[in-house]
Amino acid sequence: MIHIITSMFGRDDWLKIQSRHLQKYSEEPYTVHCFLDDNLDKSPEDIEYLDKRYPFYKFYRAIRGEHYDQVNEAVREISPQVRNEDIIVFLDCDAFPCDKIWQKTVRENLSTHDITAVVMRENYHFSDDYNEIPHLCFFATTKQIWEENSLKWGLEGKYQNPQRGMLDKINNANLTLKEINRTNEFDAHRVCFGIYGDIVYHHACGIRGFKGSVFEGVDVHLRNRKYGLAFTQDSDMARLNSEIWTAVWKAIKEDKTYTFIRRYFMGRP
């Protein structure tokens, strides 16, 4: 069984989109454990309504804290429902499958590795120490591997990034990681709107993008390191990023066939 952990952080604009793509592109059973943060705190009646409307989802009341704290707590909360051999997938609210082989690929990757996850080698950071981190947008392992190795997302050591904290735990436990890398045939941004392994889409800036804050490390650090250019949130470059982000969001939202991502970024029907 595949257990997916996601959270709707601040707003639930991605909920219908994510659920429809999961239904279209999944060929074996799955359950989505969806945690609603403080800004989406619901009454028991609201939860019951959502459970009926989204039959493959189980909705849970708010978990407090940062996003990485929320998903760590989410694993602990669902653990009694999960068998050791079951697969746990962390999935950002703005991430979802885009091909029917996604579950098969995850199982194949986990047959030879302990973990499989998106690694954004196309991104740039202020330090090269962050270049190989597994990303929370799509990360899969078994319950047994997770619990036996005390895995968690967190700020540990000198690295103030929960995904780098995860990489340290993976390395310290001598676990193997099968990377899922960017495979876009067409791009609208170097990092945003990413297809990974031809199986999963990640929009990026999934919540802050609605407020016009659209940038990744590459926007800031590559320009600065390579060309000495400054990238600020109030610049014309940032404004264009936001306009592109919004245009792609609208196209995805209005797509009733759930194939826009494949057609536009993969060049496939």
Side-chain angles (χ1 to χ4, degrees), residues 2-26 30-42 46-47 49-51 53-75 77-78 87-98 102 106 117-118 120 123 133-140 153 161-163 166 180 189 191-196 199-216 242 245-246 248-255 258 260-261 265:
I2 292 179
H3 293 266
I4 299 169
I5 291 175
T6 192
S7 62
M8 295 295 144
F9 192 85
R11 51 196 297 164
D12 58 2
D13 302 76
W14 290 102
L15 180 55
K16 182 178 179 180
I17 292 172
Q18 184 187 74
S19 67
R20 295 297 185 265
H21 280 81
L22 277 164
Q23 288 182 54
K24 183 177 181 70
Y25 294 108
S26 298
Y30 65 90
T31 297
V32 183
H33 303 272
C34 184
F35 291 81
L36 306 171
D37 82 340
D38 289 346
N39 295 321
L40 286 171
D41 202 3
K42 304 289 185 180
D46 293 329
I47 297 291
Y49 168 75
L50 288 171
D51 282 335
R53 185 174 181 184
Y54 297 93
F56 298 101
Y57 280 60
K58 290 185 177 180
F59 290 90
Y60 301 78
R61 296 292 295 274
I63 293 178
R64 300 183 185 279
E66 298 293 335
H67 179 49
Y68 62 89
D69 290 323
Q70 290 178 332
V71 295
N72 286 334
E73 180 60 32
V75 180
E77 186 157 340
I78 73 167
I87 295 171
I88 296 173
V89 177
F90 295 92
L91 191 65
D92 270 356
C93 65
D94 62 334
F96 32 85
C98 54
W102 81 269
V106 167
V118 163
M120 297 181 177
N123 208 349
I133 55 177
H135 204 280
L136 244 174
C137 71
F138 189 86
F139 178 105
W153 308 93
N161 181 302
Q163 294 162 138
M166 173 61 77
I180 304 175
H189 183 272
V191 177
C192 297
F193 325 121
I195 303 293
Y196 293 92
I199 61 169
V200 64
Y201 173 77
H202 180 226
H203 197 73
C205 308
I207 298 302
R208 57 187 173 88
F210 292 111
K211 299 180 180 179
S213 179
V214 179
F215 65 93
E216 287 287 343
S242 178
W245 188 98
T246 300
V248 176
W249 150 256
K250 287 181 178 178
I252 295 171
K253 182 180 181 181
E254 294 169 2
D255 172 32
Y258 310 107
F260 173 80
I261 289 165
F265 294 111

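Given the structure is predicted, the values throughout are model-derived calculations rather than measurements.
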With heavy-atom distances below 4.5 Å as the criterion, would you say the side chains of [X] and [Y] are in contact?
X    : Y    : answer
F59  : Y54  : yes
Y201 : I17  : no
M120 : H202 : yes
L15  : Y57  : yes
H21  : I261 : yes
I4   : T31  : no
I252 : V248 : yes
Q23  : Y30  : yes

Which heavy-atom pair separates [X] from [Y] by the least distance, and what is that distance?
X    : Y    : result
C192 : E216 : SG-CG, 4.3 Å
A117 : P134 : CB-CB, 3.9 Å
V214 : S242 : CG2-CA, 3.9 Å
P55  : R53  : CD-O, 3.3 Å

Whether [X] and [Y] hold their rings parallel, tilted or perpendicular, with breakpoints at 30° and 60°:
X    : Y    : answer
H33  : Y60  : tilted
H203 : F193 : perpendicular
F139 : F90  : perpendicular

Steps toward side-chain contact (heavy atoms from CB on, under 4.5 Å) verdict (D92, W14): CA-CA 10 Å; D92 270 356; W14 290 102; over 6 Å; no
Hey, mind stepping through L91 and I5 against side-chain contact (heavy atoms from CB on, under 4.5 Å) and telling me if it holds? CA-CA 6 Å; L91 191 65; I5 291 175; over 6 Å; no
Going from [atom1] on [X] to [atom2] on [Y], what distance comes out if it is rounded to the nearest 0.5 angstrom?
X    : Y    : atom1 : atom2 : result
L136 : Q163 : CG    : CD    : 5.0 Å
C98  : K24  : SG    : NZ    : 12.0 Å
D94  : C205 : CG    : SG    : 8.0 Å
W153 : H67  : CH2   : NE2   : 9.0 Å

Quick one: does [X]'s side chain have a donor or acceptor within less than 3.5 Å of a partner on [Y]'s backbone?
X    : Y    : result
Q70  : S7   : no
D12  : M8   : no
R11  : F210 : no
Y258 : Y25  : no
S213 : G209 : no

Going through the checks in order, is the side-chain contact (heavy atoms from CB on, under 4.5 Å) test met by F35 and I78? CA-CA 11 Å; F35 291 81; I78 73 167; 4.0 Å; yes
Begin with the C-alpha distance, continue with both residues' side-chain angles, and end with the deciding distance and a verdict on side-chain contact (heavy atoms from CB on, under 4.5 Å) for W102 and L22. CA-CA 10 Å; W102 81 269; L22 277 164; 4.0 Å; yes
Within 45° of the six-membered ring axis of F96 and under 6.0 Å from that ring's centre, is NZ or CZ of R20 located there? no
Residue list, side-chain hydrogen bond (donor to acceptor under 3.5 Å, both in side chains) with E73, at least two apart or on another chain: R76
